[in-house]
Amino acid sequence: MFAPNGSLTGSIFYNPVKLIFGKDSTSKIGEEIASRGFKRVIITMGGASALKNGSYQQSIDSLKANNVEVVAELRDIRANPEVNKVREGVKLARENQAEAILAIGGGSVIDSSKALSLGAFFDGDVWDVPRATPPVSKRLPIFTVLTISATASEMNNGYVLQDDEKQLKVAYMHPDNFPTVSCIDPSFQTGLPWFQTVNGVVDAMVHTLELYAGADGSEETALQLDEGLLRSLVNCGHGLQKDPENYNLRANVAWAATLALNGYSGFSLRGGSWLVHMIEHALSAIDPAVAHGAGLGVLMPAVIEYLATKIGKKEVYDRWAKNVYGVDGYKAGMEAWVKDLKTWGHPTTMGELGFKKEQIPHIAKLVCDVGCPHGFTPEDVAAVIELAF
Ligand code: NZQ
Ligand code: ZN
C-alpha cells in the first residue's frame with residue numbers, strides 16, 4: 001500500500017520530503033514556504049488542539065515573519081476525514097488563489113490536504129481523483145506541521161479519505177503527492193491525551209507489522225530494522241504511560257512512526273499485507289468515531305493468526321515474537337500484544353469498539369468492495385473478523 005513493492009532482487013526507493021525535526025522546528029516553516037516563491041497559503045487544521053498546543057501560533061508567527069499571507073483557513077477537519085470537508089477546501093483554495101497548503105495537525109489533516117492539493121486542479125469531483133487517468137499532474141504544494149505521530153503521512157505520498165454516504169474509505173497513493181517540507185516538533189505532543197498517544201504507537205507498530213508480513217526471511221536488514229522499530233515503540237509506549245510529558249520518549253515515538261511508513265521499513269518487503277488496514281478502514285467507514293489505532297490494535301492478532309495458518313506466514317511471525325518480545329511462537333507474541341494493549345487501556349475486542357457479530361458479513365463486503373489482499377474472498381475476511389470478537 002504505502003511502501004515500495006519489490007524484493008532484494010529489485011526495488012525502488014523514492015522519498016523527496018525535507019524533514020525538519022526537533023524543538024522549534026516550526027519556526028522555519030515560513031522561510032521554507034517563502035524561499036520557494038509561495039506567498040499565499042491556505043491553512044488546514046482539525047479542532048481546538050492546534051490552538052492549545054502552540055503549533056498554530058508558531059506557524060502564524062513564522063509565516064508573518066516571512067511575508068506569507070494566510071488567504072484562507074479550512075478548520076475542523078475531523079478524525080477519519082470526510083470528502084465533503086475536502087470539497088469545501090477545494091472551493092476555498094480556488095476562490096482565494098492559494099499557492100500552497102500549510103497543514104497543521106495529524107494524519108487526518110495532512111491526508112485531507114493531499115486530496116485538496118490534487119482536487120484544486122482536477123476538473124471533476126475530488127472523490128474521483130484516485131481514478132483519474134492519467135493521474136492528476138498539477139498540484140498545490142503541501143507543507144506540514146505535525147502534531148500527532150502515527151501515520152507518517154508527513155513523509156509519504158498516501159492519503160485515506162472516506163465518503164460517509166457511500167460507507168467507503170479509500171487509500172490513494174499518487175506518485176508525486178509527497179509534502180514538500182514537514183516540521184516535526186515532538187513538544188507539541190507532550191499534552192496528547194493518553195488514548196491518542198496509544199493510537200499513534202499502535203498505528204506505527206501495525207504499519208511495521210503489515211510490511212513485515214511481506215518477508216520471506218531473506219531480508220535480514222529490513223527485518224532487523226523493523227524489529228528495532230517495534231521494540232522502540234513498545235518500550236516508549238510503556239515509558240510514556242508513566243511519563244507522558246517526557247520529550248525524549250515523544251521524539252523517539254515520532255521518529256519511529258515516521259520511519260514506519262515513509263518507505264524505509266517496507267523496502268524489499270514486497271508491499272506487505274495491509275489486511276489489517278483494509279478491515280480497519282471498513283470499520284471507520286461504518287462508524288467514523290472508531291479511532292484508526294484502536295481498530296488496528298484489535299484486529300492485528302486475528303490477522304496474524306490467519307496469515308500464519310492460511311498463507312504460510314508462521315515462520316515470519318514466530319521470528320517477530322522472538323525478536324520483539326523474547327517469547328517462543330507467534331501465539332505467544334499475540335499474547336504479548338494483547339497484554340500490552342490491556343496495560344495501556346486500549347480495546348482488544350470488536351465488541352469494545354461497538355460492533356456486533358451480525359455485522360461481520362457487511363464489514364467483509366465493504367473490505368472486498370475496495371479490494372481484498374492475498375486473493376482473499378469475503379468469507380476469508382469474515383473469518384478474520386470473527387477471530388477479533
Ligand atoms: O481535531 P483536533 O482538535 O486537532 O484533535 C485531534 C484528533 O481528534 C487530536 N490531536 C492531534 N494532535 C494533537 C491532538 N490532541 C492533542 N494534542 C495534539 N498535539 O488527535 C485526534 C486524532 O487526529 P488524527 O489526525 O485523526 O490522527 P492520526 O494522525 O492517527 O490520523 C488518522 C487518519 O489517518 C489515516 C487514518 O485512516 C485516519 O483517517 N491514515 C493515513 C495514512 C497515511 N496517509 O499514510 C496511513 C494510516 O495507516 C492511516 O490509514
Ligand atoms: Zn495506519
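Reckoned from all heavy atoms, side chains included, excluding hydrogens, waters and symmetry mates. Order of listing sets the numbers, starting from 1, for every ligand and every atom in it. Just so you know, these numbers come straight off a predicted model, no measurement behind them.
For the pair Y159 and ligand 1, the shortest N or O to N or O distance does not fall below 3.5 Å. Taking only nitrogen or oxygen atoms, main chain and side chain alike, A150 does not reach within less than 3.5 Å of ligand 1. Considering both main-chain and side-chain atoms, F188 comes within under 3.5 Å of ligand 1 through a nitrogen or oxygen pair.
Classified by interplanar angle (parallel below 30°, tilted 30° to 60°, perpendicular above 60°), the ring pair F13/Y264 is tilted. Using bins of under 30°, 30° to 60° and over 60° for the plane-to-plane angle, the ring pair H207/W274 lands in the tilted bin.
Contact annotation for N156 and ligand 1: only side-chain heavy atoms (C-beta onward) come within less than 4.0 Å of the ligand. Counting heavy atoms under 4.0 Å from ligand 1, residue S284 does not touch it at all. Looking at V160 against ligand 1, only its side chain comes within 4.0 Å, counting heavy atoms. At a heavy-atom cutoff of 4.0 Å, ligand 1 is contacted by no atom of M45, backbone or side chain.
Every atom of ligand 1 is numbered from 1 in the order shown, and the set under 4.0 Å from a heavy atom of I148 is 11 (C), 12 (N), 20 (O), 29 (O). Remark: ligand 1 atoms within the under-4.0 Å shell around heavy atoms of A79 are 26 (O). Set against the non-hydrogen atoms of G46, the atoms of ligand 1 under 4.0 Å away are 1 (O), 4 (O).
In this structure, the side chains of V202 and W337 come closer than 4.5 Å at one or more pairs of heavy atoms.
A heavy-atom separation below 4.0 Å is not found between K52 and ligand 1. Residue contacts with ligand 1: P81 is included, with a non-hydrogen atom under 4.0 Å away. No heavy atom of R78 sits closer than 4.0 Å to any atom of ligand 1. Taking 4.0 Å as the cut-off, S55 does not count as a neighbour of ligand 1 on heavy-atom distance.
Using a 3.5 Å distance cut-off with no hydrogens or angles, the side chains of E305 and Y330 do pair a donor with an acceptor. The closest side-chain donor-acceptor pair between R250 and S149, if any, does not fall under 3.5 angstrom. At a cut-off of 3.5 Å, with distance as the only test, a side-chain donor of N177 or R139 sits close to an acceptor on the other residue. In summary, the side chains of D340 and H346 do not present any donor paired with an acceptor at a separation below 3.5 Å, with no hydrogens or angles considered.
Comparing T151, L146, N80 by heavy-atom distance to atom 34 (O) of ligand 1, the nearest is T151. Considering each of L192, N262, D111, the one bringing a non-hydrogen atom nearest atom 41 (C) of ligand 1 is D111. Taking all heavy atoms of A291, S108, G158 into account, the minimum distance to atom 32 (C) of ligand 1 is reached by S108. When the heavy atoms of A48, P186, S153, S49 are ranked by distance to atom 5 (O) of ligand 1, first place goes to S49. Atom 21 (C) of ligand 1 has its nearest heavy-atom neighbour, among Q162, E280, Q189, Q196, in Q196.
Here D203 reaches the Zn ion (ligand 2): one of its N/O/S atoms is less than 2.8 Å from the metal.
Cation-pi geometry between K313 and Y317 is not satisfied (NZ or CZ under 6.0 Å from the ring centre, within 45° of the ring normal). Judged by the 6.0 Å and 45° rule, R36 forms no cation-pi pair with F143.
Linking ILVMFWY side-chain heavy atoms closer than 4.5 Å, directly or via other members, places I142 and V181 in two distinct hydrophobic clusters.
Aromatic pair F355/F389: centroids not less than 6.0 angstrom apart.
Put simply, the angle at the Zn ion (ligand 2) from NE2 in H292 to NE2 in H207 is close to 170°, to the nearest 10°.
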Check your understanding: side-chain contact (heavy atoms from CB on, under 4.5 Å) between E32 and I20: does it pass, once the steps are laid out?
Key -> CA-CA 10 Å; E32 293 292 338; I20 308 182; 3.6 Å; yes

Practice item. Evaluate side chain to side chain donor-acceptor pair (under 3.5 Å) for S284 paired with Q162, printing each intermediate quantity in order. Key: CA-CA 8 Å; S284 95; Q162 74 185 61; 3.0 Å; yes

